[in-house]
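First up is the structure itself, then whatever we jot down about it.
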Amino acid sequence: MCYNNANEKGAIFLKLNVLFQSGMVLAAGKPIRIFGTGCGHVRVDFLNMTAECDSDGGDWLIELDPQTYGGPYELAVELGDERITLTDVWVGEVLLLHGQSNMKFMLEESNYPTDRYENEERLRLFSLEYPTEACPFERADGWVHCTAENAGKWSAIGYHVGLRLSRELGCAVGLIAATQGASVIQSWLPEGTEARLGISLTPEQRHVDYSYPAYSAWNRDGLLYHFAIEPIIPCAISHVVWYQGESNTTEAEGAVYDQLLTALIEQRRRDFDDAELAFVVVQIADYHKRDDEGWRAVQHAQVRVGERVAGVCTVISRDVCESNHIHPPTKILLCDRICEAILEKIK
(Lines give C-alpha, C1' and ligand atoms only; values in the text may rest on other atoms or scores of the structure.)
Protein backbone atom coordinates (compact mmCIF):
# COMPACT_ATOMS: atom_id res chain seq x y z
CA MET A 1 0.00 0.00 0.00
CA CYS A 2 1.20 3.51 -0.79
CA TYR A 3 1.18 6.19 1.88
CA ASN A 4 1.05 9.61 0.28
CA ASN A 5 -1.31 12.45 -0.58
CA ALA A 6 -4.18 11.32 -2.81
CA ASN A 7 -6.74 13.16 -4.89
CA GLU A 8 -10.46 12.40 -4.83
CA LYS A 9 -10.02 9.56 -7.34
CA GLY A 10 -7.44 7.87 -5.14
CA ALA A 11 -4.48 8.53 -7.46
CA ILE A 12 -1.13 9.11 -5.77
CA PHE A 13 0.54 12.41 -6.57
CA LEU A 14 4.10 12.54 -7.82
CA LYS A 15 6.23 14.26 -5.21
CA LEU A 16 9.95 14.91 -5.47
CA ASN A 17 12.20 15.12 -2.45
CA VAL A 18 12.42 18.71 -1.22
CA LEU A 19 15.96 19.10 -2.59
CA PHE A 20 14.79 18.61 -6.18
CA GLN A 21 13.74 22.06 -7.26
CA SER A 22 14.59 24.38 -10.12
CA GLY A 23 17.93 26.06 -9.57
CA MET A 24 19.48 23.07 -7.82
CA VAL A 25 23.06 21.84 -8.08
CA LEU A 26 23.88 18.14 -8.50
CA ALA A 27 27.25 16.75 -7.42
CA ALA A 28 29.70 16.17 -10.27
CA GLY A 29 31.49 12.84 -10.42
CA LYS A 30 28.91 11.18 -8.15
CA PRO A 31 25.92 8.98 -9.04
CA ILE A 32 22.94 11.24 -9.64
CA ARG A 33 20.16 10.01 -7.36
CA ILE A 34 16.65 11.31 -8.00
CA PHE A 35 14.07 10.26 -5.44
CA GLY A 36 10.62 10.99 -4.13
CA THR A 37 7.23 9.41 -3.51
CA GLY A 38 4.29 8.25 -5.60
CA CYS A 39 3.01 4.87 -6.77
CA GLY A 40 3.28 3.84 -10.38
CA HIS A 41 5.78 3.90 -13.23
CA VAL A 42 8.43 6.60 -12.79
CA ARG A 43 10.64 7.95 -15.56
CA VAL A 44 13.53 10.44 -15.27
CA ASP A 45 15.11 12.25 -18.24
CA PHE A 46 18.33 14.20 -17.81
CA LEU A 47 21.19 14.99 -20.21
CA ASN A 48 20.09 12.44 -22.81
CA MET A 49 19.86 9.80 -20.08
CA THR A 50 16.60 8.02 -19.30
CA ALA A 51 15.93 5.71 -16.38
CA GLU A 52 12.71 4.15 -15.13
CA CYS A 53 11.35 2.22 -12.18
CA ASP A 54 8.06 0.97 -10.79
CA SER A 55 7.04 2.10 -7.33
CA ASP A 56 4.44 0.13 -5.41
CA GLY A 57 5.49 1.27 -1.93
CA GLY A 58 5.27 5.04 -2.26
CA ASP A 59 9.03 5.71 -2.15
CA TRP A 60 11.15 5.47 -5.28
CA LEU A 61 14.75 6.20 -6.27
CA ILE A 62 16.38 6.37 -9.68
CA GLU A 63 20.14 6.56 -10.17
CA LEU A 64 21.84 8.06 -13.22
CA ASP A 65 25.49 7.99 -14.25
CA PRO A 66 27.91 10.60 -12.84
CA GLN A 67 28.39 13.76 -14.89
CA THR A 68 30.99 16.50 -15.26
CA TYR A 69 30.56 20.22 -14.52
CA GLY A 70 27.98 21.99 -16.61
CA GLY A 71 24.59 23.64 -16.91
CA PRO A 72 22.02 25.01 -16.94
CA TYR A 73 19.99 21.93 -17.85
CA GLU A 74 16.46 20.61 -17.56
CA LEU A 75 15.51 17.53 -15.54
CA ALA A 76 12.11 15.90 -16.10
CA VAL A 77 10.30 13.36 -13.93
CA GLU A 78 7.11 11.57 -14.96
CA LEU A 79 4.70 9.36 -13.04
CA GLY A 80 1.64 8.31 -15.03
CA ASP A 81 0.08 11.45 -16.45
CA GLU A 82 2.02 13.75 -14.14
CA ARG A 83 5.21 15.48 -15.23
CA ILE A 84 7.53 17.78 -13.27
CA THR A 85 10.22 19.69 -15.18
CA LEU A 86 13.02 21.33 -13.26
CA THR A 87 14.94 24.12 -14.97
CA ASP A 88 18.24 25.88 -14.30
CA VAL A 89 19.80 22.64 -13.00
CA TRP A 90 23.59 22.55 -12.72
CA VAL A 91 26.23 19.90 -12.15
CA GLY A 92 29.03 21.12 -9.89
CA GLU A 93 30.34 20.86 -6.33
CA VAL A 94 27.82 20.27 -3.54
CA LEU A 95 28.90 21.08 0.02
CA LEU A 96 27.04 20.14 3.17
CA LEU A 97 27.63 23.00 5.63
CA HIS A 98 27.25 21.24 8.93
CA GLY A 99 27.55 22.16 12.59
CA GLN A 100 26.60 24.83 15.07
CA SER A 101 26.68 28.62 15.37
CA ASN A 102 30.10 29.32 13.88
CA MET A 103 28.97 27.58 10.69
CA LYS A 104 25.65 29.42 10.72
CA PHE A 105 27.41 32.75 11.55
CA MET A 106 26.19 35.18 8.89
CA LEU A 107 28.37 37.20 6.55
CA GLU A 108 26.80 40.42 7.83
CA GLU A 109 27.92 39.49 11.36
CA SER A 110 31.53 39.19 10.22
CA ASN A 111 33.99 42.02 9.66
CA TYR A 112 34.01 41.54 5.89
CA PRO A 113 33.18 44.87 4.17
CA THR A 114 29.65 44.99 2.79
CA ASP A 115 30.81 46.83 -0.33
CA ARG A 116 32.74 43.69 -1.30
CA TYR A 117 29.70 41.40 -1.38
CA GLU A 118 29.42 39.90 -4.86
CA ASN A 119 26.88 38.45 -7.25
CA GLU A 120 27.51 34.88 -8.38
CA GLU A 121 24.75 33.23 -10.37
CA ARG A 122 26.39 29.80 -10.10
CA LEU A 123 26.60 29.88 -6.29
CA ARG A 124 23.41 28.41 -4.79
CA LEU A 125 22.21 27.90 -1.21
CA PHE A 126 19.58 25.50 0.12
CA SER A 127 18.82 26.16 3.80
CA LEU A 128 17.31 23.62 6.15
CA GLU A 129 15.28 25.49 8.76
CA TYR A 130 15.28 25.37 12.54
CA PRO A 131 13.24 22.62 14.18
CA THR A 132 9.86 23.48 15.62
CA GLU A 133 6.93 21.38 16.78
CA ALA A 134 5.39 21.72 13.32
CA CYS A 135 8.38 20.54 11.30
CA PRO A 136 9.10 23.33 8.77
CA PHE A 137 11.29 21.26 6.47
CA GLU A 138 8.78 21.46 3.62
CA ARG A 139 8.84 25.27 3.90
CA ALA A 140 12.47 25.63 2.87
CA ASP A 141 12.95 28.49 0.42
CA GLY A 142 14.49 26.31 -2.25
CA TRP A 143 17.74 26.98 -4.05
CA VAL A 144 18.69 30.66 -3.88
CA HIS A 145 21.48 32.10 -5.99
CA CYS A 146 23.95 34.52 -4.47
CA THR A 147 23.56 38.26 -4.91
CA ALA A 148 25.24 41.22 -3.27
CA GLU A 149 21.86 41.99 -1.73
CA ASN A 150 21.18 38.62 -0.07
CA ALA A 151 24.76 37.51 0.72
CA GLY A 152 24.72 39.15 4.15
CA LYS A 153 22.24 36.54 5.40
CA TRP A 154 24.32 33.62 4.15
CA SER A 155 26.75 31.63 6.26
CA ALA A 156 30.00 33.59 6.10
CA ILE A 157 31.92 30.34 5.65
CA GLY A 158 29.51 29.17 2.97
CA TYR A 159 29.75 32.44 1.06
CA HIS A 160 33.53 32.72 1.07
CA VAL A 161 34.20 29.03 0.38
CA GLY A 162 31.50 28.72 -2.26
CA LEU A 163 32.49 31.91 -4.09
CA ARG A 164 36.16 30.94 -4.30
CA LEU A 165 35.42 27.39 -5.41
CA SER A 166 33.01 28.58 -8.08
CA ARG A 167 35.54 31.06 -9.47
CA GLU A 168 38.59 28.77 -9.33
CA LEU A 169 36.86 25.64 -10.63
CA GLY A 170 34.61 27.46 -13.09
CA CYS A 171 31.56 25.53 -11.92
CA ALA A 172 28.34 25.83 -9.99
CA VAL A 173 28.56 25.32 -6.24
CA GLY A 174 25.57 24.21 -4.23
CA LEU A 175 25.56 24.73 -0.47
CA ILE A 176 23.21 22.70 1.71
CA ALA A 177 23.10 24.30 5.16
CA ALA A 178 22.34 21.89 8.02
CA THR A 179 23.24 24.00 11.03
CA GLN A 180 21.87 24.74 14.48
CA GLY A 181 23.39 27.09 17.00
CA ALA A 182 24.30 25.63 20.39
CA SER A 183 23.81 22.09 19.09
CA VAL A 184 25.54 19.07 20.61
CA ILE A 185 27.05 16.40 18.39
CA GLN A 186 24.74 13.77 19.90
CA SER A 187 21.73 15.47 18.32
CA TRP A 188 23.31 15.05 14.88
CA LEU A 189 23.74 11.30 15.46
CA PRO A 190 21.08 8.56 15.58
CA GLU A 191 19.82 7.63 19.04
CA GLY A 192 21.82 4.88 20.66
CA THR A 193 25.16 5.92 19.15
CA GLU A 194 26.77 6.52 22.53
CA ALA A 195 25.61 3.14 23.84
CA ARG A 196 26.92 1.45 20.70
CA LEU A 197 30.30 3.08 21.29
CA GLY A 198 30.31 2.08 24.96
CA ILE A 199 30.00 5.71 26.10
CA SER A 200 27.99 6.42 29.24
CA LEU A 201 27.79 10.04 30.37
CA THR A 202 25.75 11.30 33.28
CA PRO A 203 23.73 14.52 32.93
CA GLU A 204 26.32 16.24 35.15
CA GLN A 205 29.11 15.25 32.74
CA ARG A 206 27.40 16.82 29.74
CA HIS A 207 27.69 20.40 28.58
CA VAL A 208 25.07 22.81 29.91
CA ASP A 209 23.75 23.31 26.35
CA TYR A 210 22.42 19.76 26.49
CA SER A 211 19.82 20.67 29.09
CA TYR A 212 19.65 24.48 28.97
CA PRO A 213 15.93 25.32 28.47
CA ALA A 214 16.48 27.53 25.42
CA TYR A 215 18.49 24.82 23.64
CA SER A 216 17.10 21.55 24.94
CA ALA A 217 14.38 21.56 22.28
CA TRP A 218 16.93 20.51 19.66
CA ASN A 219 19.58 18.91 21.86
CA ARG A 220 17.91 15.55 22.28
CA ASP A 221 19.80 12.54 20.98
CA GLY A 222 19.03 12.04 17.31
CA LEU A 223 16.64 14.98 16.91
CA LEU A 224 18.62 17.04 14.40
CA TYR A 225 19.69 13.89 12.61
CA HIS A 226 16.06 12.90 12.05
CA PHE A 227 14.96 16.46 11.32
CA ALA A 228 17.61 17.68 8.89
CA ILE A 229 19.63 14.74 7.61
CA GLU A 230 17.26 11.80 7.20
CA PRO A 231 14.87 13.69 4.87
CA ILE A 232 17.64 14.28 2.28
CA ILE A 233 19.15 10.76 2.34
CA PRO A 234 20.59 9.49 0.00
CA CYS A 235 21.44 12.60 -2.03
CA ALA A 236 24.96 12.85 -3.43
CA ILE A 237 27.32 15.23 -1.63
CA SER A 238 30.79 16.32 -2.79
CA HIS A 239 32.20 17.43 0.58
CA VAL A 240 31.07 17.92 4.16
CA VAL A 241 32.41 20.90 6.13
CA TRP A 242 31.88 20.25 9.85
CA TYR A 243 32.31 23.08 12.38
CA GLN A 244 31.02 22.03 15.79
CA GLY A 245 32.34 21.20 19.24
CA GLU A 246 31.86 24.22 21.48
CA SER A 247 28.76 22.60 23.02
CA ASN A 248 30.64 19.40 23.93
CA THR A 249 33.55 20.88 25.87
CA THR A 250 33.14 19.34 29.30
CA GLU A 251 36.12 17.23 30.35
CA ALA A 252 34.09 14.02 30.08
CA GLU A 253 32.79 14.82 26.61
CA GLY A 254 36.15 16.08 25.42
CA ALA A 255 37.61 12.70 26.34
CA VAL A 256 35.22 10.89 23.96
CA TYR A 257 34.69 13.55 21.29
CA ASP A 258 37.02 11.80 18.83
CA GLN A 259 34.84 8.68 19.04
CA LEU A 260 31.67 10.69 18.48
CA LEU A 261 33.13 12.66 15.57
CA THR A 262 34.45 9.49 13.94
CA ALA A 263 31.00 7.94 14.35
CA LEU A 264 29.41 10.99 12.70
CA ILE A 265 31.76 10.77 9.72
CA GLU A 266 31.04 7.06 9.30
CA GLN A 267 27.31 7.71 9.66
CA ARG A 268 27.27 10.40 6.96
CA ARG A 269 29.17 8.12 4.61
CA ARG A 270 26.49 5.49 5.12
CA ASP A 271 23.70 8.07 4.89
CA PHE A 272 24.87 9.34 1.51
CA ASP A 273 26.09 5.95 0.29
CA ASP A 274 29.63 7.20 -0.25
CA ALA A 275 32.39 5.37 1.62
CA GLU A 276 34.94 7.99 0.53
CA LEU A 277 32.88 11.12 1.20
CA ALA A 278 35.40 13.89 1.94
CA PHE A 279 35.23 15.80 5.23
CA VAL A 280 36.78 19.08 6.29
CA VAL A 281 36.70 19.43 10.08
CA VAL A 282 37.21 22.95 11.42
CA GLN A 283 38.97 22.97 14.78
CA ILE A 284 37.10 25.15 17.27
CA ALA A 285 38.78 28.50 17.91
CA ASP A 286 40.67 29.20 21.16
CA TYR A 287 38.23 31.71 22.65
CA HIS A 288 38.90 32.54 26.32
CA LYS A 289 38.80 28.86 27.32
CA ARG A 290 42.17 28.08 25.79
CA ASP A 291 43.31 26.71 29.17
CA ASP A 292 40.12 24.76 29.80
CA GLU A 293 40.82 21.01 29.74
CA GLY A 294 37.56 20.09 28.03
CA TRP A 295 37.97 22.79 25.37
CA ARG A 296 41.51 21.68 24.64
CA ALA A 297 40.43 18.03 24.59
CA VAL A 298 37.92 18.74 21.81
CA GLN A 299 40.55 20.64 19.81
CA HIS A 300 43.00 17.75 20.16
CA ALA A 301 40.29 15.24 19.25
CA GLN A 302 39.53 17.14 16.05
CA VAL A 303 43.19 17.00 15.07
CA ARG A 304 43.43 13.27 15.86
CA VAL A 305 40.42 12.46 13.70
CA GLY A 306 42.02 14.31 10.80
CA GLU A 307 45.17 12.27 11.25
CA ARG A 308 43.52 8.87 11.70
CA VAL A 309 40.45 8.82 9.46
CA ALA A 310 41.00 8.59 5.71
CA GLY A 311 39.51 11.39 3.64
CA VAL A 312 39.33 13.83 6.56
CA CYS A 313 41.28 17.07 6.78
CA THR A 314 41.28 19.13 9.98
CA VAL A 315 41.67 22.86 9.45
CA ILE A 316 43.28 24.84 12.27
CA SER A 317 41.61 28.12 13.18
CA ARG A 318 43.47 29.45 16.20
CA ASP A 319 46.08 31.48 14.32
CA VAL A 320 43.67 33.08 11.84
CA CYS A 321 40.71 33.86 14.13
CA GLU A 322 40.25 36.09 17.14
CA SER A 323 40.63 34.33 20.49
CA ASN A 324 38.43 36.75 22.45
CA HIS A 325 35.19 35.79 20.66
CA ILE A 326 33.35 32.49 20.73
CA HIS A 327 32.18 33.58 17.27
CA PRO A 328 35.34 35.03 15.67
CA PRO A 329 34.28 37.75 13.21
CA THR A 330 37.25 37.15 10.89
CA LYS A 331 36.24 34.25 8.67
CA ILE A 332 37.95 34.93 5.34
CA LEU A 333 41.38 33.52 6.29
CA LEU A 334 39.81 30.40 7.77
CA CYS A 335 37.74 29.99 4.61
CA ASP A 336 40.90 30.11 2.50
CA ARG A 337 42.18 27.11 4.45
CA ILE A 338 38.91 25.25 3.99
CA CYS A 339 39.03 25.95 0.25
CA GLU A 340 42.61 24.76 -0.01
CA ALA A 341 41.68 21.50 1.73
CA ILE A 342 38.78 20.96 -0.69
CA LEU A 343 40.80 21.90 -3.77
CA GLU A 344 43.61 19.56 -2.79
CA LYS A 345 41.08 16.72 -2.59
CA ILE A 346 39.56 17.58 -5.97
CA LYS A 347 42.85 18.04 -7.80
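Residue indices begin at 1 and follow the sequence shown.
In this structure, the salt bridge (Lys or Arg N to Asp or Glu O under 4.0 Å) partners of E108, at least two apart in sequence or on a different chain, are K153. By the side-chain hydrogen bond (donor to acceptor under 3.5 Å, both in side chains) test, W90 pairs with D88, sequence neighbours left out. In this view, E168 and R164 satisfy the salt bridge (Lys or Arg N to Asp or Glu O under 4.0 Å) rule, not counting sequence neighbours.
Between Y159 and Y117, the ring-plane angle classifies as tilted under the 30° and 60° cut-offs. Taking the six-membered ring where the residue is Trp, F20 and F35 present perpendicular rings, their angle passing 60° and hence far from 30°.
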H41/E52 under side chain to side chain donor-acceptor pair (under 3.5 Å): CA gap, chis, key distance, verdict: CA-CA 7 Å; H41 187 74; E52 300 171 280; 2.8 Å; yes
field: Steps toward salt bridge (Lys or Arg N to Asp or Glu O under 4.0 Å) verdict (E118, R167)
entry: CA-CA 12 Å; E118 297 189 53; R167 300 284 170 82; 2.9 Å; yes
- request: Let me see the working for V91 and T68 under side-chain contact (heavy atoms from CB on, under 4.5 Å), right down to the final yes or no.
  value: CA-CA 7 Å; V91 179; T68 56; over 6 Å; no
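The side-chain hydrogen bond (donor to acceptor under 3.5 Å, both in side chains) test with H98 is passed by exactly one of Q244, R268, Q180: R268. If you run side chain to side chain contact (heavy atoms under 4.5 Å, CB included) between L96 and each of L175, V240, V241, only V240 comes through.
Under the 4.0 Å criterion applied to side-chain N and carboxylate O atoms, R220 and E191 are not assigned as salt-bridge partners. Of the charged side-chain nitrogens involved, at least one lies within less than 4.0 Å of a carboxylate oxygen, so that R296 and D286 count as a salt-bridged pair. Of the charged side-chain nitrogens involved, none lies within less than 4.0 Å of a carboxylate oxygen, so that R43 and D54 do not count as a salt-bridged pair. Ionic pairing of D271 and R269 is not present here: no N-O contact between side-chain nitrogen and carboxylate oxygen is shorter than 4.0 angstrom.
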N/O donor to acceptor pairs below 3.5 angstrom from side-chain atoms of residues 70-80, sequence neighbours left out:
| from | atom 1 | to | atom 2 | distance (Å) |
| --- | --- | --- | --- | --- |
| Y73 | OH | G71 | N | 3.3 |
| E78 | OE2 | R83 | NH1 | 2.4 |

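Aromatic ring centres of H160 and Y112 lie closer together than 6.0 Å. Taking the ring centroids of W188 and Y225, they lie at or beyond the 6.0 Å cut-off.
For the residue pair D258/Q302, the side-chain donor-acceptor check at 3.5 Å is not satisfied. A side-chain N or O of T50 and one of D45 form a donor-acceptor pair less than 3.5 Å apart. A donor-acceptor contact under 3.5 angstrom links the side chains of S247 and Q100, judged on distance only. Between the side chains of Q186 and E194, at least one donor N or O sits under 3.5 Å from an acceptor N or O. A donor atom on one side chain and an acceptor atom on the other are found under 3.5 Å apart for Y69 and E93. Between the side chains of E120 and H145, not a single donor N or O lies within less than 3.5 Å of an accepting N or O.
Across every non-hydrogen atom of C39 and G58, the tightest pair is SG-N, 3.6 Å.
Listed by first and then second residue, the side chain to side chain donor-acceptor pair (under 3.5 Å) pairs involving residues 305-317 amount to none (not counting sequence neighbours).
In this structure, K331 satisfies the cation-pi test against F105, with its NZ or CZ atom closer than 6.0 Å to the six-membered ring centre and inside 45 degrees of the ring normal.
The main-chain N or O of S22 is never found under 3.5 Å from a side-chain atom of T87 such that the two would form a donor-acceptor pair.
Residue V184 is found in a hydrophobic cluster whose other members, listed by chain and number, are Y210; membership requires side-chain heavy atoms under 4.5 Å apart, directly or through intermediates.
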